[in-house]
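Notes follow once the structure below has been shown.
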Amino acid sequence: MVARRSSRTQADSPAENVSGVLLPLPLKGAYDYRLKMENGAEPGAFVTVPLGNRTIIGVIWGEAEGGVEEAKLRAVSSILDAPPLNEVSRRFVDWVARYTLSWPGSVLRMVMSTPEALEPPKPMIAYARTTLDPEDAGLRMTPARRRVLSVLHDGPPRLAAELAREAGVTTGVVSGLTKAGVLEPIPMRKPTPPQPDPTTSGPTLSADQSAAAEALREAIASGGFDATLLDGVTGSGKTEVYFEAVAACLAAGKQVLVLLPEIAMSAQWFERFNERFGAPPAAWHSEVPRPQRRVVWRAVAEGKVKVVVGARSALFLPFADLGLIVVDEEHDGSYKQEDGVVYHARDMAVVRANLGAFPVVLASATPSLESLMNAEAGRYRHLRLPSRHGGASLPEIEIIDMRKHPPARGRWLSPRLDEALAKTLEAGEQVMLFLNRRGYAPLTLCRACGYRIACPRCTAWLVEHRLARRLECHHCGHAIRPPPQCPSCSAEDAMVACGPGVERVAEEVAAHFPEARLAVMASDTLRGPAAAAELVRLVEDHQLDILIGTQIMAKGHHFPQLTLVGVIDADLGLTGGDPRAGERTFQLLSQVAGRAGRAALKGRVLLQSYMPEHPVMQAMAAGDRTRFLAEERAGREASSLPPFGRLAALIVSGPSLALVEETARALARCAPRIEGITVLGPAPAPLATLRGRHRRRFLIKGGKEARLQTVLRDWLAAIKTPSNVRIKVDIDPYSFL
Ligand code: ADP
Ligand code: ZN
C-alpha cells in the first residue's frame, strides 16, 4: 500500500514515499514518483506529475516499481481535488489490460475520458441585493437599473444571465450595480438533479415475471457476485423485470449501470424509465455533449448519480459504489469495441461485477451461445420468460422463396410481400420493412466497360447515397460526387446502381404505394437522438404507415399498431467466413420479427430468401430456437469454435505492403508451436486494405482452457515491429474482416 508510513515520519514535515503513478498513456506500467504523505495521498487519488517537460494527470496506483535512481526520481506536483478512483475500478483497469493485452495506461485513458471533470466544478455566482441604497452609492437610477432591482425585489438571487434576461437588460448593468456595491455576488452549488425513486411501484407482474423479479431481488439482497441470464421472448417484459432489480439496488443505496446497444435510439426506453422511477437516468454515450459529460462523470465518481444508462464506454466510468449492471440485448455485436483497447463490454461487465462482488443481469430474447452455455454449466442463473405479456401472441413467420416468387424486373419486393403490404395498409395498420444496408445501392458499375467504383483506400465498393448525392465508403468515410461519366472508359450515362439499400426500397415502395406515409430509419438519415425520438413518436401516433430501416430500427421499440414486418434480404449476413454468421443472422431476424404484433393485433413476418432451406430460415419459420441452437452448437463443438474453444486474432497493418508482409513473415517464423494451439495465417484480411493500410491476419485457436494471452505475449515479445507497422491483438474476435 502506498499509504504505508515510512519510519522517518515526523510531526513537522510530512513523510515522503515513492509510489507508482499510472498515467493514461501507452506505457508498460506505472511510473515511480516521490509523494508527500499529506492529506489525500491515498491509492486511487488523481494527481499531476511531471513527465519530460509536460505535466500529466495520473492516478496513484500502488507500490513503487523500484529501479529508479534516487536522484532521478521526480515528485508528484499536486493532488487533485477529485474523488479517488476506488479499488474495484483500479483492479478492473489492470484486469482488462491483462486480458486484452493492452497497456494499463490505455485502459486508464478510457476511465479518464473526461479529464476536465477532475477540476472541481466551478461554483455558479448568483447576485443578491445588498442594503446599500443606489443613491448613496452615487448611482443614477436608470430604468434598466431599476428593472434589475425590481426583479430581485420579487425573487431569490439569480445568475447574472438570468437576471439580465428577466429584467431585459445586458449583463453589463448587473456588473455595474455589483461594482457599486448595490448587488453582491454569492457562490451557489449546482443542485444535483432529482434521482430515480425506488419506492414507486411498477405494473402488476405476471407469475413468470414476478418469479424472475424475486430471484433478482434475492441476488441483490444476499450480496456478492451473481450472474443471471434473463432469457425471454420479445415483448415478455424483460425490461419490467430488470426494473425491479434496479429498484432493489437503489433501495440498498447503491448505483446501477444499464448498458444498451444503440443507446442514441432508445427514446422509448428513457421514457419508460422516467415513468417508472419519476426521474431520468444519466445518459452516457458519444452523443452526450461534453459539458454534460463532465457533470455526469464527476457525479458518478461522487456517488451522486444513481443510475447511468450507457453504451459500452459507460463500463469505464468511475463508479463510487456500483451495485448492479444490466446488459440489455446481451448478444448484440455492438458491445465489442474494435479500436484501441479491443474488448467485449458484456464480458467485461461480468468481470467488473465479479471484482466488485455484485450481481450482473444479461437480458436477451436470443442469448449468445456463450451465455447459454454458461447458464447450462450453472455459472449463470437461467431465468426464462417464455410468453409475451398480456396474451399477445408471437408473430407468424413465413419464408418467401425468392426463386419461386421473384420480384418484377428492377424491383426488390416479391409480389407476395407486395400483397401483404397492401392488405395491411388497407386494414389501417403499420408496416416495417427491414434491410440491413444503408444508402441507395451498394455498388455502382459501368454498363459499357464493367468498371466498379471502389474506395481508393479500402477493399470496398463505394455505396451510393442518392439523397445526399454522394458515393461513400462505409469503412473509412471517403466520399465523392457521383461521376457523370465512367471514370475508366469515359462512357456517358453508363453508370448504374446495383443492388438495394434502404433508400432504394423506399423509392420503390413510394412509387407503388403513393398514398402511404413512409420514412427511412438509418443511422445516416437521422440526425441524432432527437430526430430518432421524433420518428419513433410519429410511428406511435400512427402518423406514419411504413417504416423502412436498418438494424437501428430493430431494437427495443414497441409499436402496438405494427402488424407486418417484411425482411427484404434475409440472407444478407450469412456469407463470409464468420463462425457466428448463422447465429447473428438468427438473432437479428428474431429481433426484427419481434417488432410485429406486440399488442392486441396479431403480427406477421415475411422473410425474402434465396436459400429457404438454410437452417437459419428453417428455424425462423418453425419458431424453433431450441433446434437451431442445438445444430449451431454441434457445428461449433465439432470445429472447437467458441464457446467450445478459444480464438484470438492478430492483425498486422501498415501503409507499406512490403513491411507488413515482412512483419507477418517474421511473426510466422516464430509462431508458437505448442500442443493444443493452432496458428492459421498469415493471410490477407478480407478487408485487405483499410484506410490505406495493408492488412494481414493470423487466427490463433486453442482449447477452452488454453492460455492464449500468455502464448501471445511471449510470441509478440519475440519480434521487433517496425515503427509504422501495427499489430492489433483481438482476444475473442467477433469481426473477421
Ligand atoms: P421485453 O423487454 O421483453 O421486450 P418489455 O419489458 O418491453 O418486454 O414489455 C413489452 C410491453 O409489455 C411493454 O410495453 C411493457 O410495458 C408491457 N408490459 C410487460 N409486462 C407488463 C406488466 N406486468 N404489466 C403491464 N405491462 C407490461
Ligand atoms: Zn474506404
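Each ligand, and each atom within it, is numbered from 1 in the order the structure gives. A quick note: this is a predicted structure, and the numbers were derived from the prediction, not measured.
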Let's go through Ser368 and Glu330 carefully: what are the C-alpha distance in whole Å and the side-chain angles of both, what is the deciding distance for side chain to side chain donor-acceptor pair (under 3.5 Å) to 0.1 Å, and is it a yes or a no? CA-CA 7 Å; Ser368 60; Glu330 67 90 30; 3.1 Å; yes

Any sub-3.5 Å donor-acceptor pair from Asp624's side-chain atoms to Ala619's backbone N or O? no

Please could you name the atoms of ligand 1 that Arg598 approaches to less than 4.0 Å, counting only its heavy atoms? 4 (O), 7 (O), 10 (C)

Those atoms of ligand 1 less than 4.0 Å from some heavy atom in Thr204: 22 (C), 23 (N), 24 (N)

What atoms in ligand 1 come closer than 4.0 Å to a heavy atom of Pro203? 22 (C), 24 (N), 25 (C)

Ring centres of Trp461 and Tyr451 under 6.0 Å apart? no

With respect to atom 18 (N) of ligand 1, which of His389, Glu275, Arg276 exhibits the smallest heavy-atom separation? His389

Go through ligand 1 atom by atom and flag the ones less than 4.0 Å from a non-hydrogen atom of Gly237. 1 (P), 3 (O), 5 (P), 6 (O), 8 (O), 9 (O), 19 (C)

Does Gln587 form a side chain to side chain donor-acceptor pair (under 3.5 Å) with Glu329? I'd like the steps, not just the answer. CA-CA 10 Å; Gln587 287 162 339; Glu329 313 287 8; over 6 Å; no

Gly232 N/O to ligand 1 N/O under 3.5 Å: no

Atom indices of ligand 1 within 4.0 angstrom of Leu205 heavy atoms, with elements: 23 (N)

Heavy-atom proximity to atom 7 (O) of ligand 1, picking from Arg272, Glu240, Gln209, points to Arg272

His474 and His465 aromatic centres sub-6.0 Å: yes

Quickly, which of Val258, Val309, Val288, Asp328 forms a side chain to side chain contact (heavy atoms under 4.5 Å, CB included) with Ile263? Name it, please. Val309

Going by side chain to side chain donor-acceptor pair (under 3.5 Å), Arg276 matches just one of Glu244, Glu271, Glu240. Which one? Glu244

Relative to the heavy atoms of Val233, which atoms of ligand 1 are at a distance of less than 4.0 Å? 3 (O)

Heavy-atom contact under 4.0 Å between Arg388 and ligand 1? no

Closer than 3.5 angstrom, by distance alone: can the side chain of Arg697 be matched with the main-chain N or O of Leu737 as a donor-acceptor pair? yes

Taking 2.8 Å as the limit, list every protein N, O or S atom around the Zn ion (ligand 2), by chain and residue number. Cys455 SG, Cys458 SG, Cys473 SG, Cys476 SG

Would you verify whether the NZ or CZ of Arg580 falls within 45 degrees of the ring axis of Tyr734 while also being under 6.0 Å from that six-membered ring's centre? yes

Non-hydrogen atom of Ser236 closer than 4.0 Å to ligand 1: yes

Do Arg388 and Pro395 have side-chain heavy atoms sitting under 4.5 Å apart? yes

Could you label the plane-to-plane angle of the Phe277 and Phe243 rings as parallel, tilted or perpendicular, counting under 30° as parallel and over 60° as perpendicular? perpendicular

